[in-house]
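Every heavy atom of this structure was used, including side-chain atoms; hydrogens, water molecules and symmetry mates were not. Chain identifiers are assigned alphabetically (A, B, ...) following the order of the sequence lines, protein sequences preceding nucleic acid strands; residue numbering begins at 1 within each chain.
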There are 2 protein chains.
Amino acid sequence: MLNFSKKIEYGLIALRYIALIGDGNIVTAKEISDKYKISYELLAKVLQKLAKAGIINSFYGVNGGYTLAKSPEKIKLSEVILALEGKSNISIVTCNSDQPESCTIFDRCTIKTPLNKIQSVINNMFSEISISEIL
Amino acid sequence: MLNFSKKIEYGLIALRYIALIGDGNIVTAKEISDKYKISYELLAKVLQKLAKAGIINSFYGVNGGYTLAKSPEKIKLSEVILALEGKSNISIVTCNSDQPESCTIFDRCTIKTPLNKIQSVINNMFSEISISEIL
DNA sequence: TAAAAATGGACTAAAATAGTCGTATATAAA
DNA sequence: TTTATATACGACTATTTTAGTCCATTTTTA
Ligand code: SF4
Ligand code: SF4
């Protein structure tokens with residue numbers, strides 16, 4: 001119920017690999033997917049999203065691949081999650097903004113406001129933890 | 001990706017109702033499901049689980065229903081989650097114990113160990129927060 | 001130009017969540 | 001002792017989310 005998605009797990013594994021093994025050198029998606037036996041297509045998409053978010057640099061063509069765009073200390077877990085899940089925050093409830101969205105009891109719900117406190121504790125944690133802590 | 005399930009949300013809403021509106025008096029599942037327009041059957045199961053876990057008392061028969069089994073300060077979010085999800089902890093990754101379970105890259109995964117740090121921060125938070133904080 | 005790599009959209013499969021249905025059991029009150 | 005009301009519980013279905021696949025395109029280097 002509170003699991004990280006595979007996208008995030010694979011993303012973290014990849015970032016770790018690029019940071020540690022790559023260490024400045026270009027690393028390809030294939031290299032990582034082979035190493036960890038992760039679906040190439042899936043991992044490729046994860047890397048594309050990380051590149052789009054400016055977390056890693058991407059290089060086309062024959063000797064192409066990826067490098068980190070900044071030092072591991074500066075890559076926060078929150079931005080990895082944002083890049084891969086596309087949500088503005090890691091929301092404990094689906095109704096965080098103010099639209100009823102999908103929840104049928106939105107206007108009668110009594111817990112969404114107090115739950116924001118827990119939300120901010122989680123947000124703070126994720127924005128403080130950098131991927132250098134998983135190296 | 002980190003959402004509480006509806007089970008938990010409904011559980012918290014119900015606990016809040018029993019604590020505040022009930023205030024010692026017996027409250028029925030129907031009363032709560034009517035009030036918030038939550039599926040009766042779904043809510044009933046949630047309440048049954050909370051009762052089984054000793055968080056609320058249940059009373060059969062005509063004037064039956066539920067009351068809190070302890071004071072709101074003593075009902076921790078962690079035990080509500082445990083009661084409703086049946087997992088021993090709120091796990092950020094599916095592989096926390098040591099079995100390969102469902103993950104195909106278990107033995108090659110490099111992040112599960114460092115992720116435990118984040119896990120314990122989350123665990124601590126949930127075992128400190130009581131439902132009195134959502135009243 | 002050929003090979004190697006990233007990009008990106010559409011699609012399918014699998015798993016988790018949410019919700020429903022039917023029936024049994026217990027209890028209070030009439 | 002019957003009836004109405006309430007919890008208990010297992011099996012089932014539907015919906016949504018997540019995971020994974022496929023395929024065609026673009027870019028670059030050798
Ligand atoms: S139940 Fe409440 S907290 Fe949960 S999604 Fe609905 S409005 Fe939000
Ligand atoms: S990818 Fe790693 S952390 Fe995630 S479930 Fe598999 S072994 Fe666990």
Side-chain angles (χ1 to χ4, degrees), chain A residues 1-11 14 18 22 25-34 36-53 55-67 69 81 84-87 91 93-94 101-105, chain B residues 1-11 13-14 18 22 25-34 36-53 55-67 69 81 83-87 91 93-94 101-105:
Chain A
M1 53 131 309
L2 277 174
N3 275 204
F4 277 139
S5 64
K6 291 292 175 199
K7 267 190 288 193
I8 291 177
E9 294 185 2
Y10 296 165
I18 297 170
N25 299 315
I26 277 187
V27 172
T28 68
K30 181 137 204 324
E31 183 178 343
I32 302 174
S33 74
D34 280 352
Y36 297 106
K37 307 252 190 333
I38 299 171
S39 153
Y40 168 76
E41 291 88 350
L42 209 48
L43 179 66
K45 293 205 167 162
V46 164
L47 291 170
Q48 282 162 30
K49 285 187 178 177
L50 291 176
K52 215 167 187 179
I55 295 168
I56 56 179
N57 301 124
S58 71
F59 302 96
Y60 272 81
V62 173
N63 292 323
Y66 301 93
T67 59
I81 294 171
L84 296 178
E85 300 287 353
K87 294 168 190 162
S91 44
V93 292
T94 40
E101 289 180 15
S102 55
C103 186
T104 51
I105 63 162
Chain B
M1 53 133 307
L2 277 175
N3 275 203
F4 278 137
S5 64
K6 291 292 175 198
K7 266 190 289 193
I8 292 176
E9 295 185 0
Y10 295 165
I13 289 171
I18 297 169
N25 299 315
I26 278 186
V27 172
T28 68
K30 180 133 206 325
E31 184 180 341
I32 301 175
S33 73
D34 279 352
Y36 298 106
K37 307 252 191 330
I38 300 172
S39 153
Y40 167 77
E41 291 87 350
L42 208 49
L43 179 67
K45 290 204 169 164
V46 163
L47 292 170
Q48 281 161 31
K49 285 188 178 176
L50 292 175
K52 216 170 185 178
I55 295 169
I56 56 179
N57 301 124
S58 70
F59 303 95
Y60 273 80
V62 171
N63 294 320
Y66 302 94
T67 58
I81 295 171
L84 297 178
E85 300 288 351
K87 293 169 191 162
S91 44
V93 291
T94 41
E101 289 179 15
S102 57
C103 185
T104 51
I105 64 162

K.L.:
In whole angstrom, what separates A/Ile81's CD1 from D/dT18's P?
P.N.:
13 Å
K.L.:
Do the side-chain N or O atoms of B/Tyr60 get closer than 4.0 angstrom to the phosphate oxygens (OP1, OP2) of D/dC9?
P.N.:
no
K.L.:
Once hydrogens and angles are ignored, does a donor-acceptor distance under 3.5 Å link the base of D/dG10 to the side chain of B/Lys45?
P.N.:
yes
K.L.:
Whole Å only: how far is the CG atom of A/Leu42 from the P atom of C/dC11?
P.N.:
19 Å
K.L.:
With heavy atoms under 4.0 Å as the rule, sort B/Ala29 into base, sugar-phosphate or nothing.
P.N.:
sugar-phosphate
K.L.:
Using the test side-chain contact (heavy atoms from CB on, under 4.5 Å), find all partners of A/Lys7 that sit at least two apart in sequence or belong to another chain.
P.N.:
A/Ser5, A/Val46, A/Lys49, A/Glu85
K.L.:
Would you kindly give the CZ-to-P distance between B/Phe59 and C/dT27, to the nearest whole Å?
P.N.:
11 Å
K.L.:
Between atom CD1 of B/Ile8 and atom CD1 of B/Ile13, what is the distance when rounded to the nearest 0.5 Å?
P.N.:
12.0 Å
K.L.:
When you get a sec, tell me which of C/dA29, D/dT7, D/dG20 is the closest nucleotide to the side chain of B/Thr28?
P.N.:
D/dT7
K.L.:
Just how far, in rounded Å, is C1' of D/dA8 from CG of B/Leu50?
P.N.:
14 Å
K.L.:
Nearest 0.5 Å, what's the CG-CG distance between A/Asp34 and A/Leu43?
P.N.:
10.0 Å
K.L.:
Which atom names give the shortest non-hydrogen contact between B/Ile55 and B/Ala83, and what distance separates them?
P.N.:
CD1-CB, 4.0 Å
K.L.:
From the list D/dT5, C/dA18, D/dT21, which nucleotide is the closest neighbour of the side chain of B/Val62?
P.N.:
D/dT5
K.L.:
Quick one: does B/Gln48 reach the base of D/dA8 with a side-chain donor-acceptor pair under 3.5 Å?
P.N.:
yes
K.L.:
What's the closest nucleotide to the A/Ala51 side chain, out of D/dA8, C/dA6, C/dT7?
P.N.:
C/dT7
K.L.:
Quick one: is B/Tyr10 getting a side-chain N or O under 4.0 Å of the C/dA18 phosphate, OP1 or OP2?
P.N.:
no
K.L.:
Quick one, A/Leu84 with A/Tyr10, criterion side chain to side chain contact (heavy atoms under 4.5 Å, CB included). Give me CA distance, side-chain angles, the key distance, then yes/no.
P.N.:
CA-CA 10 Å; A/Leu84 296 178; A/Tyr10 296 165; over 6 Å; no
K.L.:
OH of B/Tyr66 versus P of D/dT7: gap in Å, rounded?
P.N.:
5 Å
K.L.:
Please determine whether a side-chain nitrogen or oxygen atom of B/Asn63 lies at a distance below 4.0 Å from atom OP1 or OP2 of C/dA29.
P.N.:
yes
K.L.:
Nearest whole Å is fine: how far is C/dA18 C1' from B/Phe4 CZ?
P.N.:
17 Å
K.L.:
Under 4.0 Å between a side-chain N or O of B/Ser39 and OP1 or OP2 of C/dT20?
P.N.:
yes
K.L.:
Of A/Gly61 and B/Lys7, whose nearest nucleotide on DNA chain C comes first from the 5' end?
P.N.:
A/Gly61
K.L.:
Report the distance from atom OH of A/Tyr36 to atom C1' of D/dG20, rounded to the nearest whole Å.
P.N.:
21 Å
K.L.:
Rounded off to whole Å, could you give me the CD-to-P distance for the A/Glu41 and C/dG9 pair?
P.N.:
16 Å
